[in-house]
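We name chains A, B, ... by the order of the sequence lines, and we start the count at 1 in each one.
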Number of protein chains: 2
Amino acid sequence: MESRIERIKKQLHGASYKLTPQREATVLVLLENEEDHLSAEDVFLLVKEKAPEIGLATVYRTLELLTELKIVDKINFGDGVSRYDLRQEGASRFHHHLICIECGKVAEIQEDLLGDVEKIVESRYGFTVKDHWLTFHGICQSCKSSGNDSKK
Amino acid sequence: MESRIERIKKQLHGASYKLTPQREATVLVLLENEEDHLSAEDVFLLVKEKAPEIGLATVYRTLELLTELKIVDKINFGDGVSRYDLRQEGASRFHHHLICIECGKVAEIQEDLLGDVEKIVESRYGFTVKDHWLTFHGICQSCKSSGNDSKK
DNA sequence: GTACTTGCAAAGTATTTGCAACGTC
DNA sequence: GACGTTGCAAATACTTTGCAAGTAC
């Protein structure tokens, strides 16, 4: 079976881009840290371990390229930094996020909970939905059960 | 009946802050442009018309203060700028946004469509929701009906 | 007078751009 | 050899901070 990186390579080729070693290293870092929400700087530091000669600008350019191709989504959780999150293969909508205001942890919800809401938006507001971004702020399970009241 | 600005003044006082002329001018600009999604720079330019001597740093400080008090929400639509949006009085959740990918217009949905979704998140993921941010990307009614295919 | 607030300038971050050099077909 | 790509340095954009001066009670 074809690997994820192979399919990404084809997507790049389809758009007349090459999967250079720098780009490959960047994509690998994203795949290996799929659960995280890395900033460009984070990605840069991790890529450097594989390819020490890479420049920060290249990482930015690669991330921009991947965003354009909808391979990753650029998100912003309100701190001053953009973060990059791999989109599930073939997903037409971006997944949801849960941010804990106690511990700061960011969890993902891959199932799409907005089907009905999108129908309402379409019928009531005449707006054809193509994609969505949904983030919840609240208290995660482990902070609740540990009765954690230490403010981070 | 008490005006909105009066109530905001009380909120500030309740948190031991003053409604200085600069802060008042800033709040007025936000009230007068409630439909828009102004950046700090936008607010600064508009406030300057009322209070020419104000500094950009003061606008930033005021917006930060208002964000802290939950009078405004700081949002980011993916261009590099933070934007500031008045929260409805007494609303426990932030309102939703519809961004048209044709014309770029940003519309607001004040009714809360996420009640059921939040229940699912609470029961299925054990996450207690305190607030949410929901943005849709798609095609607005007027772009659809005008058959607008001019890419901006 | 004390404590909060302001304007300005400087500093700080994050991100983008210019450009010569490199690599690949 | 043309063209996409890269690394570095410089430039840009947005936001925050330091500080002396101003203001309100």
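Glu24(A) has its CD atom 15 Å from the P atom of dT5(D), to the nearest Å. Between the C1' atom of dT17(D) and the CG atom of Leu56(B) lies a distance of 13 Å, rounded to the nearest Å. Taking atom CD1 on Ile75(A) and atom P on dA14(C), their separation rounds to 16 Å, with Å as the unit. Atom pair Ile54(A):CD1 and dG7(D):P shows a separation of 5 Å (rounding to whole Å applied). Rounded to whole angstrom, the span from the CG atom of Asn76(A) across to the P atom of dT15(D) amounts to 10 Å. Atom C1' of nucleotide dT5(C) and atom CG of Leu66(B) are separated by 14 Å, given to the nearest angstrom. Separating the CG atom of Leu63(B) from the P atom of dT5(C) is a distance of 15 Å, rounded to the nearest angstrom. Spacing between atom CG of Leu12(A) and atom C1' of dG4(D) amounts to 13 Å, rounded to whole angstrom units.
In this structure, His96(A) contributes its side chain and Leu113(A) its backbone to a donor-acceptor pair below 3.5 Å. A donor-acceptor pair is defined here as one N or O able to donate and one able to accept, closer than 3.5 Å; no such pair exists between the side chain of Asp112(A) and the backbone of His95(A).
Mapped onto DNA chain D by nearest heavy atom, Leu65(A) and Lys18(B) fall at different nucleotides, with Leu65(A) at the one closer to the 5' end.
Checking the phosphate oxygens (OP1, OP2) of dG7(D), a side-chain nitrogen or oxygen of Thr58(A) falls inside 4.0 Å. Contact annotation: Thr20(B) reaches the phosphate of dT6(C) (side-chain N/O to OP1 or OP2, under 4.0 Å). Between dT23(D) and Gln22(B), no contact under 4.0 Å exists linking OP1 or OP2 to a side-chain N or O.
With dC14(D), dT6(D), dT16(C) as the choices, the nucleotide that has an atom nearest any side-chain atom of Lys74(A) turns out to be dT16(C). When the nucleotides dT5(D), dT6(D), dG7(C) are ranked by their closest atom to the side chain of Arg61(A), dT6(D) comes out on top. The side chain of Tyr60(A) approaches dA14(C) more closely than any other nucleotide in the set dG7(D), dC14(D), dA14(C). Among the nucleotides dT15(D), dT5(D), dA9(C), the one closest to the side chain of Tyr17(A) is dT5(D). Distance from the side chain of Val81(B) is smallest to dT15(D) among dT15(D), dG7(C), dA14(C).
Classification of Asp42(A) and Arg83(A) as a salt-bridged pair holds, one side-chain N sitting under 4.0 Å from a carboxylate O.
Counting heavy atoms of neighbouring residues, nucleotides and ligands inside a 6.0 Å radius, atom CD of Glu35(B) does not exceed 12 of them. Around the NZ atom of Lys50(A), the shell of radius 6.0 Å holds more than 12 heavy atoms that belong to other residues, nucleotides or ligands.
At a threshold of 4.0 angstrom between heavy atoms, the contacts of Ser82(A) are confined to the sugar-phosphate backbone, with no base atom among them. Within 4.0 Å (heavy atoms only), Glu53(A) reaches sugar-phosphate atoms of the nucleic acid but no base atom.
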